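Keep in mind it's a predicted model, so treat the numbers as computed, not measured.
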Amino acid sequence: MFIVQFWAREHLPWIAPKVDPDKERGPDHPLRHEAYGCRWLGETTCDNLGAHKLEEYRRRLDHLWEAELKFDPYPQRIVAHHVHKFPLHPGQWCTRVPLICHHIVEWHLPDRCLRQFGREQCIPLDVPESQKGYHGKDGRQGPTNWPEEYKMLICLWNVRQDQDIVTLSHVGRMGYHDPYLETYRRQSVRYMTPEGVADGALVRN
């Protein structure tokens, strides 16, 4: 939830609380140079957020203008920070691979957010079937040889350089008839309020 919250504050400026720039992060804060989300640890005010009601957020999102959404690739300062901390080739950030930590497995699915990496957004592939089978494993089933249990997933990780999602570079707006947007409009719930549905119908007609 924190990651989603940070993403929303970064890309939807109207939803972010105001941070006092003089108190955003003290020079002695232990995480000042570690976690990007620490920028929100300072003193904040929420006067710009209106009624703070779920219905108000839904209404604002339903009537969102393009200019109110900042959907840019990761800034260079963030890329440089992560290259220093995680010295992988940046191209490997766009690989569909399982992320394994002891008994926990989560799939890294960058094909669902390629624009975040400055690439052309393709139609995402389905979530791997193996993702569903590994949820709920927590060790209570008794001693488990996890390297053997996850042998196939470890093999995929070891050849991650071959799992890159290959698309062209792209920065800026997507065309209305882009294949991804056409698919998105067919499959997604586009509005959260009755007013949004009604207004959307007027725009389409």
Peer 1: Check whether any side-chain heavy atom of Val105 lies under 4.5 Å from a side-chain heavy atom of Trp146, and answer yes or no.
Peer 2: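 No - every pair of side-chain heavy atoms lies 4.5 Å or more apart.
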
Peer 1: Is it possible for you to say whether Tyr57 and Leu69 belong to one hydrophobic cluster, with membership spreading through side-chain heavy-atom contacts below 4.5 Å?
Peer 2: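 Yes, because Tyr57 and Leu69 connect within a single hydrophobic cluster, where side-chain heavy atoms sit under 4.5 Å apart.
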
Peer 1: Is the shortest heavy-atom distance from the side chain of Met192 to the side chain of Leu54 under 4.5 Å?
Peer 2: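 The answer is no; the side chains never approach within 4.5 Å.
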
Peer 1: Which heavy atom of Asp164 sits nearest to which heavy atom of Cys94, and what is that distance?
Peer 2: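 Result for this residue pair: OD1-O, 3.0 Å.
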
Peer 1: Quick one: closest heavy-atom pair of Pro124 and Arg112, and the distance?
Peer 2: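 Pro124 and Arg112 have their closest heavy atoms at CB-CG, 3.7 Å.
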
Peer 1: I'd like to know if the side chain of Gln121 reaches the main chain of Asp111, judged simply by a donor and an acceptor atom lying under 3.5 Å from each other, with no hydrogens or angles considered.
Peer 2: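 Present.
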
Peer 1: Determine whether Asp62 and Glu195 make a side-chain contact, defined as any pair of heavy atoms from C-beta on separated by less than 4.5 Å.
Peer 2: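 They are not in contact (no side-chain heavy atoms under 4.5 Å apart), so the answer is no.
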
Peer 1: Between Arg119 and Ile165 (side chain of the first, backbone of the second, donor and acceptor by atom type, cut-off under 3.5 Å), is there such a pair?
Peer 2: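 Pair found, side chain donor or acceptor close to backbone of Ile165.
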
Peer 1: Between Tyr150 and His102, what is the shortest heavy-atom contact and its length?
Peer 2: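 Closest heavy-atom pair between Tyr150 and His102: CE1-O, 3.5 Å.
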
Peer 1: Assess whether a salt bridge exists between Glu56 and Arg59, defined as any Lys/Arg side-chain N lying under 4.0 Å from an Asp/Glu carboxylate O.
Peer 2: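 A salt bridge is present here (some side-chain N lies under 4.0 Å from a carboxylate O).
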
Peer 1: If you apply the rule side-chain contact (heavy atoms from CB on, under 4.5 Å), what do you find for Thr144 with His103, and how did you get there?
Peer 2: CA-CA 9 Å; Thr144 302; His103 62 274; over 6 Å; no

Peer 1: With rounding to the nearest 0.5 Å, note down the distance linking CZ in Arg190 to CD in Gln187.
Peer 2: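 Arg190 CZ to Gln187 CD: 12.5 Å, rounded to 0.5 Å.
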
Peer 1: Where do Pro110 and Phe117 come nearest, in terms of heavy atoms and distance?
Peer 2: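 Looking at all heavy atoms of both residues, the shortest contact is CB-CE1, 4.1 Å.
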
Peer 1: Atom CZ of Arg160 and atom CD of Gln163: how far apart are they, to the nearest 0.5 Å?
Peer 2: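 Result: 10.5 Å between the selected atoms.
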
Peer 1: What are the two closest heavy atoms between Ile123 and Tyr180, and how far apart are they?
Peer 2: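 Nearest heavy atoms, Ile123 then Tyr180: CG1-CA, 4.1 Å.
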
Peer 1: A side-chain contact here means heavy atoms from C-beta on lying under 4.5 Å apart; do Arg58 and Leu61 qualify?
Peer 2: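 Side chain of Arg58 against side chain of Leu61, heavy atoms only: no contact under 4.5 Å found.
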
Peer 1: Measure the CD1-CG distance between Ile100 and Leu156 for me, rounded to the nearest 0.5 Å.
Peer 2: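 These two atoms lie 8.5 Å from each other.
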
Peer 1: State, with a plain yes or no, whether a side-chain heavy atom of Gln116 is found less than 4.5 Å away from one of His11.
Peer 2: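 They are in side-chain contact.
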
Peer 1: Does a side-chain heavy-atom distance below 4.5 Å link Leu153 with Trp107?
Peer 2: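 When only atoms from C-beta onward are counted, Trp107 and Leu153 do touch, with a gap below 4.5 Å.
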
Peer 1: For residues Tyr176 and Leu181, report the shortest heavy-atom separation together with the two atoms involved.
Peer 2: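 Minimum heavy-atom separation between Tyr176 and Leu181: O-CB, 3.9 Å.
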
Peer 1: Within the 4.5 Å heavy-atom criterion, are Pro128 and Leu109 side-chain neighbours or not?
Peer 2: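 They are in contact (side-chain heavy atoms under 4.5 Å apart), so the answer is yes.
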
Peer 1: Would you give the length of the straight line joining atom NE2 of His108 to atom OG1 of Thr95, rounded to the nearest 0.5 angstrom?
Peer 2: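 The NE2 atom of His108 sits 5.5 Å away from the OG1 atom of Thr95.
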
